Chemist: 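Handing you a structure now.
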Amino acid sequence: VLISHPDGDHISGVAELLPLLPVKCLFLSPAAYAEEAGRNLAEKAAAFGTKIFLLNQGDRIRQGGVELICLNPPEGHYTGDSNADSLVVRLNYRKFSALFTGDIPQEVEYSLLAGSGSSSSADFLNGLAPELAVISCAENNLYGHPHPRVLEDLRKAGVKIYQTRSGGAITLTTRGKRLKIKSFISAFDSF
């Protein structure tokens with residue numbers, strides 16, 4: 001389980017899963033662990049035998065053909081803003097890659113673009129050239145997610161959008177080349 005940051009809309013429900021679903025590893029940033037909500041979740045997970053990993057920019061984890069690369073936050077550089085301090089991780093598996101960004105603001109997006117040559121800005125999307133985006137949010141959520149500008153930027157970039165508020169749970173499956181997408185409510189798609 002990757003925890004981008006310990007805001008309620010990103011960690012609620014994880015603690016309830018621990019007794020039901022074996023979670024081998026929990027990944028979070030040192031900034032998230034420093035916050036009470038993040039530390040409490042890590043302690044609950046550890047009580048169920050989950051290994052806890054605190055990731056900083058540049059950390060890499062490889063298992064089999066899968067690699068996780070931490071892109072944010074830089075070690076020891078914390079802003080005190082849980083969104084800006086979000087754990088950002090790139091997953092690589094053969095020809096497939098995914099970027100997990102949490103709620104990073106635009107200034108973090110620009111630093112990521114600069115390091116590699118508010119969220120989903122047009123420049124960031126143009127730099128990444130994603131094929132699809134998965135947005136996890138409930139219908140009529142307290143935060144008003146997703147922001148209409150984010151959806152507009154994604155559409156302008158030609159990105160296929162999947163949202164849990166309309167499709168329910170979304171599952172991505174790949175063997176490293178093609179991608180199969182299944183939503184709890186909707187039909188299958190393949191890329």
Side-chain angles (χ1 to χ4, degrees), residues 1-29 32 38 41-42 44-45 48-53 55 60-72 83 86-104 112 119-120 124-125 128-147 150-151 153-155 157-191:
V1 174
L2 294 168
I3 301 294
S4 61
H5 59 295
D7 288 356
D9 61 326
H10 287 259
I11 65 168
S12 65
V14 176
E16 289 78 13
L17 285 177
L18 293 169
L20 306 172
L21 180 72
V23 175
K24 291 183 181 181
C25 303
L26 178 71
F27 301 94
L28 61 162
S29 72
L41 178 61
K44 285 179 184 176
F48 283 97
T50 301
K51 294 179 184 176
I52 311 301
F53 293 92
L55 300 178
R60 293 173 181 260
I61 297 172
R62 291 183 185 99
Q63 184 164 356
V66 177
E67 179 181 43
L68 293 175
I69 304 166
C70 182
L71 304 175
N72 193 67
N83 289 335
S86 283
L87 182 66
V88 177
V89 174
R90 180 178 172 143
L91 179 143
N92 295 320
Y93 178 60
R94 297 182 181 166
K95 294 183 179 186
F96 173 78
S97 66
L99 184 65
F100 301 93
T101 60
D103 288 338
I104 58 170
L112 291 174
S119 298
S120 301
F124 189 63
L125 290 171
L128 291 176
E131 293 181 44
L132 68 101
V134 177
I135 300 171
S136 179
C137 62
E139 188 71 40
N140 301 318
N141 62 81
L142 297 174
Y143 301 91
H145 293 327
H147 192 282
V150 171
L151 293 174
D153 286 348
L154 290 167
R155 287 186 188 105
V159 178
K160 187 151 184 158
I161 304 167
Y162 294 86
Q163 297 184 58
T164 58
R165 71 179 180 173
S166 57
I170 297 170
T171 305
L172 302 153
T173 308
T174 186
R175 292 187 179 185
K177 189 175 180 182
R178 295 185 48 80
L179 180 65
K180 189 174 186 180
I181 303 160
K182 179 182 177 186
S183 68
F184 182 75
I185 296 171
S186 309
F188 294 87
D189 276 333
S190 291
F191 277 82

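Everything numeric in this text was worked out from a predicted model, so none of it was measured.
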Chemist: What heavy-atom pair brings Ile11 and Pro6 nearest, and what distance separates the two atoms?
Modeler: CD1-O, 3.6 Å

Chemist: Tell me, please, which residues at least two apart from Arg94 pass salt bridge (Lys or Arg N to Asp or Glu O under 4.0 Å).
Modeler: none

Chemist: Go through the structure and list residues passing side-chain hydrogen bond (donor to acceptor under 3.5 Å, both in side chains) with Arg60, not counting sequence neighbours.
Modeler: Glu67

Chemist: For Thr101 and Ile104, indicate whether the former's side chain and the latter's backbone hold a donor-acceptor pair under 3.5 Å.
Modeler: no

Chemist: Under the ring pair (Phe, Tyr, Trp, His ring centres under 6.0 Å) rule, collect the residues that match up with His147, sequence neighbours excluded.
Modeler: none

Chemist: Is it the case that Asp103 and His145 place a side-chain donor and acceptor less than 3.5 Å from each other?
Modeler: no

Chemist: Using side chain to side chain contact (heavy atoms under 4.5 Å, CB included) as the criterion, list what pairs up with Phe96, not counting sequence neighbours.
Modeler: Leu91, Ala98, Thr174, Leu179

Chemist: Phe48: what forms a ring pair (Phe, Tyr, Trp, His ring centres under 6.0 Å) with it, not counting sequence neighbours?
Modeler: none

Chemist: Under the side chain to side chain contact (heavy atoms under 4.5 Å, CB included) rule, collect the residues that match up with Ser97, sequence neighbours excluded.
Modeler: Arg90, Asn92

Chemist: Measure from the side-chain N and O atoms of Ser12 to the backbone N and O of Asp9, and report whether any donor-acceptor pair falls under 3.5 Å.
Modeler: no

Chemist: With a 4.5 Å cut-off on side-chain heavy atoms, are Asp153 and Phe124 touching?
Modeler: no

Chemist: Are any of the side-chain heavy atoms of Leu55 and Ile61 separated by less than 4.5 Å?
Modeler: yes

Chemist: Under the side-chain hydrogen bond (donor to acceptor under 3.5 Å, both in side chains) rule, collect the residues that match up with Asp7, sequence neighbours excluded.
Modeler: His5, Ser82

Chemist: With a 3.5 Å distance limit and no angle check, can you tell me whether Asn141 reaches the backbone of Ala138 through a side-chain donor-acceptor pair?
Modeler: yes

Chemist: Please list, chain by chain and in numerical order, all residues satisfying side chain to side chain contact (heavy atoms under 4.5 Å, CB included) with Arg155, sequence neighbours excluded.
Modeler: Leu151, Ile161

Chemist: With sequence neighbours excluded, what pairs up with Val1 under the side chain to side chain contact (heavy atoms under 4.5 Å, CB included) test?
Modeler: Ile3, Val14, Val23, Leu26

Chemist: Is a side-chain N or O of Ser183 found less than 3.5 angstrom from the main chain of Ile170, in a donor-acceptor match?
Modeler: no

